[in-house]
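Data first, discussion second: the structure below is written as structure tokens.
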Amino acid sequence: KLATLLDHLPGVAFRYAVAGEKWIIEYVSKGCLALTGYTSEELVGKETAAEDSFIHPDDLKRVSVFVREAIAKKEPYTLEYRIQTKKGKLKWVSERGTGVYGREGETVALEGFMEDVTVRKNVVEALRESETRFRSVTESASDGIVSIDTDGIIVFWNRGAERMFGYREGEVWGNPVSIIIPEHHRKTHNDALLRLRRVEMPDLEEKTLVISGLRKDGTEFPIELSLSFWQVSDKTFYTAIIRDITERKKNEDALRRNEE
């Protein structure tokens with residue numbers, strides 16, 4: 001029953017038998033075919049450090065050293081590395097594992113799980129490359145420029161936003177964008193975020209919104225923002241160019257009072 005369950009996981013469960021310096025693949029779940037192109041029958045009995053291992057040659061030594069050090073310390077481990085499929089395709093995997101120890105503390109086996117993280121790695125790399133270009137343009141901007149993902153998590157924050165809201169980038173990166181939205185507007189914001197996932201962005205890109213922002217010190221102020229979106233692989237991100245319109249609002253109010 002356990003084997004049946006493991007065979008249906010979206011990844012690869014494995015067990016290596018450890019005999020001195022030799023680590024022999026004792027079990028791999030059927031997910032290895034989708035991940036590596038090899039059947040479990042082709043892999044069972046193979047030595048993990050063999051030259052024809054599916055681990056990328058440039059990563060093989062690093063993986064071996066890292067895992068052996070963790071096992072020697074009797075610690076669980078997590079690491080990411082590249083593999084080459086049977087057809088030569090390059091993929092990134094995340095592996096988590098732990099040693100199995102005998103009565104005298106000797107290592108008798110290694111058990112773990114690996115999964116395909118190629119898409120995530122590609123997205124991160126593409127973001128890193130695009131962010132370098134993006135920053136060169138945005139860091140000199142006086143307007144605040146903030147990017148979020150579809151869950152409303154901040155993934156970019158320029159110096160203009162730092163000056164405007166009072167938060168440094170390290171304080172907001174990875175946090176929900178709702179921290180810069182007044183509490184009484186947050187439900188409206190959350191509803192808007194849900195609609196944003198369903199609305200055609202070209203319609204939104206033509207609009208400029210006037211809402212309230214919330215500074216780190218708790219003060220509210222009027223802001224004007226325009227939205228745009230961009231995609232990396234299957235991930236969508238939204239960028240807002242934000243302008244503090246406090247002075248403009250004061251002038252408009254003063255003009256209105258004069259007209260009255």
Side-chain angles (χ1 to χ4, degrees), residues 119-257 259:
V119 172
R120 176 171 63 78
K121 292 290 285 189
N122 288 343
V123 168
V124 169
E125 184 60 30
L127 280 173
R128 187 177 294 116
E129 292 178 357
S130 62
E131 183 180 3
T132 300
R133 296 191 296 270
F134 192 48
R135 280 188 182 278
S136 66
V137 176
T138 61
E139 288 299 356
S140 60
S142 59
D143 291 338
I145 300 178
V146 179
S147 295
I148 63 172
D149 63 14
T150 52
D151 293 318
I153 301 301
I154 296 170
V155 297
F156 181 82
W157 183 265
N158 80 332
R159 290 176 185 168
E162 288 186 357
R163 292 188 294 269
M164 190 177 299
F165 292 98
Y167 290 99
R168 297 187 65 82
E169 183 181 27
E171 295 179 277
V172 298
W173 203 95
N175 285 303
V177 73
S178 57
I179 66 171
I180 60 170
I181 296 172
E183 188 172 354
H184 55 91
H185 286 325
R186 287 177 186 170
K187 185 180 184 304
T188 302
H189 159 74
N190 291 333
D191 292 342
L193 193 59
L194 289 174
R195 291 197 303 273
L196 195 61
R197 297 170 183 168
R198 300 190 295 266
V199 173
E200 290 293 328
M201 280 302 301
D203 292 340
L204 291 174
E205 286 181 312
E206 296 175 358
K207 296 179 180 178
T208 299
L209 308 177
V210 176
I211 60 174
S212 294
L214 181 67
R215 293 192 177 95
K216 184 179 179 179
D217 64 9
T219 58
E220 291 186 31
F221 65 107
I223 58 176
E224 181 181 81
L225 64 85
S226 56
L227 286 170
S228 62
F229 84 111
W230 43 284
Q231 290 182 303
V232 178
S233 295
D234 60 343
K235 303 290 185 180
T236 301
F237 300 87
Y238 307 101
T239 295
I241 299 177
I242 306 169
R243 179 163 295 176
D244 182 346
I245 57 171
T246 301
E247 290 303 315
R248 193 179 82 189
K249 278 289 187 180
K250 287 180 179 179
N251 292 335
E252 289 175 353
D253 291 343
L255 181 61
R256 189 177 300 111
R257 285 195 298 271
E259 290 177 347

- line: Here the gap from I154 atom CD1 to S147 atom OG, rounded to the nearest 0.5 Å, amounts to 10.0 Å

query: Should E247 and K250 count as an ion pair when the cut-off is N to O under 4.0 Å?
result: yes

- prompt: Between atom CG of D244 and atom CZ of R163, what is the distance when rounded to the nearest 0.5 Å?
  reply: 11.5 Å

- prompt: Side chains of Y167 and N175: does their closest heavy-atom pair fall under 4.5 Å?
  reply: no

query: Quick one: which of R243, K249, R248 gives a side-chain hydrogen bond (donor to acceptor under 3.5 Å, both in side chains) with E224?
result: R248

- line: Residues pairing under salt bridge (charged side-chain N to carboxylate O under 4.0 Å, His left out) where one sits in residues 172-190, two or more places apart or in two chains, turn out to be K187-D191

statement: The reported gap from CD1 in I242 to CG in N158 (rounded to nearest 0.5 angstrom) is 8.5 Å

- request: Look at the aromatic rings of F165 and W157 and report parallel, tilted or perpendicular, splitting at 30° and 60°.
  value: tilted

- prompt: Between CG of L225 and OG1 of T239, what distance do you get to the nearest 0.5 Å?
  reply: 11.5 Å

message: Within this structure, what is the CD1-OG1 distance for the pair I223 and T246, rounded to the nearest 0.5 Å?
response: 9.5 Å

Polar contact flag, side-chain donor to acceptor under 3.5 angstrom, E220-H184: yes

S212 to P182 - nearest heavy-atom pair and separation: O-CD, 3.3 Å

field: Point-to-point distance, once rounded to the nearest 0.5 Å, from CZ of F237 to OG1 of T150
entry: 7.5 Å

- prompt: Is the backbone of M164 close enough, under 3.5 Å, to the side chain of R215 for a donor and an acceptor to pair up by distance?
  reply: yes

query: Does D151 use its side chain to pair, donor to acceptor, with the backbone of I153 at less than 3.5 Å?
result: no

